[in-house]
Amino acid sequence: MVRERRDVFGEAVNEYANARPGYPDDMIDDVLSYADPVSEILEVGAGTGKATVSFAARGIAMTCLEPDPRMAARLAKECASFPHVTIEVTRLENYSRPLAFDALIAAQSWHWVDPARRWDLAHEALRNGGTIALFWNKYIVADDETRRALQEIDERYGVVNAGNGVTSKENEGEIELEEGWPAYDLASDARFEDLVSRRYRRHLDYDTATYMDLLASTSGYRILADTDRDHLFDEVTRLLDRRSEPLTLNIVTDLFLGRTASPTSSPSDTE
Ligand SMILES: C[S@@+](CC[C@H](N)C(=O)[O-])C[C@H]1O[C@@H](n2cnc3c(N)ncnc32)[C@H](O)[C@@H]1O
């Protein structure tokens with residue numbers, strides 16, 4: 001059976017929870033102030049709850065969709081102290097929902113939802129004037145020499161598009177966020193308006209074990225044959241263990257916001 005990249009995350013729940021960074025507080029503030037008033041959020045692909053906990057801690061009711069039961073079980077554990085978080089073990093495409101959420105958020109997951117249906121599904125899930133907030137973390141190894149060495153190992157094992165640029169420098173600059181596909185798709189869809197995109201930057205230090213968990217939680221590595229992944233991880237571990245300092249990652253978080261447009265009033269509404 002062919003494994004799909006979007007289905008592999010539950011194989012590495014603990015590594016995911018241990019190593020993936022959450023989202024910057026100022027980004028959470030920006031989403032909430034853009035979406036204001038917001039009391040009920042639909043979260044798509046909540047995973048282990050890296051974004052969920054930040055919103056739930058602000059007292060917002062959340063309905064979280066997560067199709068992988070192993071991820072959902074960890075999410076339930078992370079959210080045990082938030083009674084206003086409800087978890088549904090399903091893909092967005094299969095969710096029969098109570099409609100009219102104030103906001104739909106997708107952290108690192110919108111690319112896994114069926115591209116032919118995702119914008120319709122988002123529009124249906126939101127009230128008039130409801131907010132869609134899509135965001136992604138990308139990681140860039142800060143040290144040039146180490147990044148190049150890691151890149152060379154990836155290429156040798158055929159790791160394509162690791163998905164978050166662990167060893168890529170491409171997201172370091174001031175790219176035009178408006179050129180990214182989420183912004184482009186939103187701008188092409190008249191049902192969404194007030195489009196905004198923002199970039200946030202952080203730096204985090206990783207020890208070797210945590211960095212290896214980060215790779216183990218990444219679909220581009222998970223999808224490799226087990227023996228190839230083991231050999232690649234051995235090489236990376238040896239490379240990092242030769243270094244004397246922790247590995248600094250530049251973390252870039254890109255946020256895309258839009259609002260469902262109010263239906264245009266018909267002539268009879270204005271008479
Ligand atoms: C990269 S993880 C992101 C998890 C979490 N939001 C975070 O920021 O860490 C992507 C998640 O989306 C889920 N997923 C994949 N396809 C999905 C779909 N069609 N609808 C909802 N969730 C989906 C996966 O099971 C996985 O847990």
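Just the heavy atoms: all of them, side chains too, but no hydrogens, waters or symmetry mates, feed the values below. Atoms within each ligand, like the ligands themselves, are counted from 1 in listed order.
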Out of [options], whose heavy atom sits nearest [atom]?
{"atom": "atom 16 (N) of ligand 1", "options": "Tyr16, Trp112, Phe9, Trp136", "answer": "Trp112"}
{"atom": "atom 6 (N) of ligand 1", "options": "Pro21, Ser109, Gly45, Gly47", "answer": "Gly45"}
{"atom": "atom 21 (C) of ligand 1", "options": "Asn137, Leu92, Val13", "answer": "Leu92"}

Worksheet entry | Sub-4.0 Å heavy-atom contact, Pro67 with ligand 1 | yes

Worksheet item: Non-hydrogen atoms of Tyr95 versus ligand 1: any pair closer than 4.0 Å?
Response: no

Please could you name the atoms of ligand 1 that [X] approaches to less than 4.0 Å, counting only its heavy atoms?
{"X": "Gln108", "answer": "1 (C), 2 (S), 3 (C), 8 (O), 10 (C)"}
{"X": "Glu93", "answer": "18 (C), 19 (N), 20 (N)"}
{"X": "Tyr23", "answer": "7 (C), 8 (O), 9 (O)"}
{"X": "Val44", "answer": "21 (C)"}

Examine the proximity of ligand 1 to [X] and report which part, side chain or backbone, both or neither, has a heavy atom under 4.0 Å away.
{"X": "Lys50", "value": "side chain"}
{"X": "Met71", "value": "side chain"}
{"X": "Ala107", "value": "both"}

Practice prompt. Please confirm whether the backbone N or O of Val252 pairs with a side-chain atom of Arg202, one donor and one acceptor, at under 3.5 Å?
Written response: no

Fill in: Backbone of Arg127 reached by a side-chain donor or acceptor of Thr260 within 3.5 Å
yes

Worksheet entry | ring-ring contact (aromatic ring centres under 6.0 Å, His included) involving Phe192 - partner list, sequence neighbours excluded | His123

Worksheet entry | atom 27 (O) of ligand 1: nearest protein contact (heavy atom, Å) | Glu66 OE1, 2.7 Å

Discussion item. When you compare the side chains of Asp30 and Tyr200, does any donor N or O come within less than 3.5 Å of an acceptor on the partner?
Written reply: yes

Worksheet item: Parallel, tilted or perpendicular: which describes the rings of Trp181 and Trp136, with under 30° parallel and over 60° perpendicular?
Response: perpendicular

Worksheet entry | Ring center gap for Phe135 and Phe256 short of 6.0 angstrom | no

Worksheet item: When rounded to the nearest 0.5 angstrom, what is the spacing between CD in Gln151 and OG1 in Thr146?
Response: 12.5 Å

With a 3.5 Å cut-off and sequence neighbours excluded, list the donor-acceptor pairs that the side chains of residues 55-66 form with protein atoms.
from	atom 1	to	atom 2	distance (Å)
Arg58	NH1	Asp29	OD1	2.4
Arg58	NH2	Asp29	OD1	3.3
Glu66	OE1	Gly47	N	2.8
Glu66	OE2	Asp68	N	2.9

Worksheet item: Does the side chain to side chain donor-acceptor pair (under 3.5 Å) test come out yes or no for Thr248 and Asp205, once each step is laid out?
Response: CA-CA 4 Å; Thr248 300; Asp205 286 343; 2.7 Å; yes

